[in-house]
Amino acid sequence: MKYLFLKHYRGAPESVNGVPMDQWTPDEITAHVQYMEDFAARLQGTGEYVDSQAIAPEGTFVRYDGEGRPPITDGPFAETKDLIAGWMVVDVDSYERAIELAGQLSAAPGAGGKPVQEWLEVRPFWSPPPTITE
């Protein structure tokens, strides 16, 4: 079963070590990234890793606005560029294993080298995709 772990910039409950990353030292950022890379490598070894990616804070919402009209961009709503920092996808045997791994990922170091203890959103993939009936 595949699960998505979403890392949030904001919108989730406050982390225990909630110092924003833009206030971390270069060494603290390096240690955090290394933890994430080591975690992914460990899951590659167990066959549970699928994908992960940090996401840059810039981005644009786009919507079709009708034939011959330019797309509409952005709007008066919360945007993922303001909310989502990155993700990891795992393929595990159970929900319990997904929760266990998300807990471990939440322990990545942050400011002062202490675990961030951030909240991660754990979402299952639909499998198989939903069927649309009319």
Side-chain angles (χ1 to χ4, degrees):
M1 299 178 348
K2 289 184 183 171
Y3 289 87
L4 173 67
F5 299 164
L6 283 175
K7 294 176 64 67
H8 293 268
Y9 284 124
R10 46 186 96 46
E14 183 67 29
S15 300
V16 172
N17 182 5
V19 177
M21 187 179 262
D22 62 3
Q23 296 175 21
W24 296 1
T25 67
D27 287 344
E28 290 167 343
I29 292 171
T30 298
H32 183 82
V33 170
Q34 188 63 58
Y35 182 97
M36 305 298 261
E37 289 175 355
D38 292 347
F39 186 83
R42 193 178 81 221
L43 294 185
Q44 284 173 334
T46 64
E48 295 172 306
Y49 178 83
V50 176
D51 185 35
S52 61
Q53 188 65 55
I55 303 172
E58 26 325 300
T60 304
F61 263 103
V62 176
R63 185 191 85 196
Y64 172 75
D65 197 36
E67 191 64 40
R69 298 181 68 178
I72 295 174
T73 60
D74 287 335
F77 39 77
E79 301 182 34
T80 58
K81 69 183 178 187
D82 297 326
L83 302 175
I84 306 296
W87 76 81
M88 178 175 283
V89 177
V90 298
D91 190 352
V92 295
D93 291 332
S94 67
Y95 171 78
E96 291 75 22
R97 178 65 175 157
I99 296 300
E100 175 187 350
L101 292 175
Q104 293 172 20
L105 189 58
S106 173
K114 296 178 182 172
V116 175
Q117 291 180 263
E118 66 186 323
W119 290 91
L120 299 174
E121 186 176 353
V122 177
R123 300 196 49 193
F125 280 38
W126 265 332
S127 183
T131 304
I132 299 174
T133 58
E134 293 184 26

Sequence neighbours excluded, which residues qualify as side chain to side chain contact (heavy atoms under 4.5 Å, CB included) partners of Ala108?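 Ala108: side chain to side chain contact (heavy atoms under 4.5 Å, CB included) contacts with His32, Tyr35, Met36.
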Between [X] (side chain only) and [Y] (backbone N and O only), is there a donor and an acceptor less than 3.5 Å apart?
X      : Y      : value
Asp51  : Val89  : no
Thr30  : Pro26  : yes
Ser106 : Glu118 : yes
Glu28  : Thr25  : yes
Trp24  : Val19  : yes

Pairwise distance OG(Ser94) to CD(Glu100) - rounded to 0.5 angstrom: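 Those atoms lie 8.0 Å apart.
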Point-to-point distance, once rounded to the nearest 0.5 Å, from CG of Leu120 to CG of Leu6: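 Those atoms lie 8.5 Å apart.
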Would [X] end up clustered with [Y] when hydrophobic side chains under 4.5 Å apart are linked, directly or stepwise?
X      : Y      : value
Val122 : Val92  : yes
Val33  : Val116 : yes
Val16  : Trp119 : no
Tyr95  : Phe5   : yes

If you count every heavy atom of other residues, nucleotides or ligands that lies below 6.0 Å from Arg123 atom CZ, does the total exceed 12?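 Atom CZ in Arg123 is not packed in, count stays at 12 or less.
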Taking side chain as C-beta onward, heavy atoms only, is [X] less than 4.5 Å from [Y]?
X      : Y     : value
Leu43  : Met88 : yes
Trp87  : Gln53 : yes
Leu101 : Tyr3  : no
Val50  : Val90 : no

Could you tell me which non-hydrogen atom of [X] sits nearest to which non-hydrogen atom of [Y], and how far apart they are?
X      : Y      : answer
Ala31  : Pro109 : O-CG, 3.7 Å
Ala107 : Pro115 : O-CB, 3.5 Å
Met1   : Asp91  : N-OD1, 3.2 Å

If you measure from the Lys or Arg side-chain nitrogens to the Asp or Glu carboxylate oxygens, is any gap between Asp65 and Arg69 under 4.0 Å?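 Salt bridge flag = yes for Arg69 with Asp65.
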Should Glu48 and Arg97 count as an ion pair when the cut-off is N to O under 4.0 Å?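 Judged by the 4.0 Å cut-off on N to carboxylate O distance, Glu48 and Arg97 do form a salt bridge.
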Any side-chain donor paired with an acceptor under 3.5 Å for Thr46 and Tyr49?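 No, because no side-chain N or O of Thr46 sits under 3.5 Å from a partner of the opposite role on Tyr49.
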Considering residues at least two apart in sequence or located in another chain, which fulfil the salt bridge (charged side-chain N to carboxylate O under 4.0 Å, His left out) criterion with Glu37?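 Per chain and number, Glu37 pairs via salt bridge (charged side-chain N to carboxylate O under 4.0 Å, His left out) with no residue.
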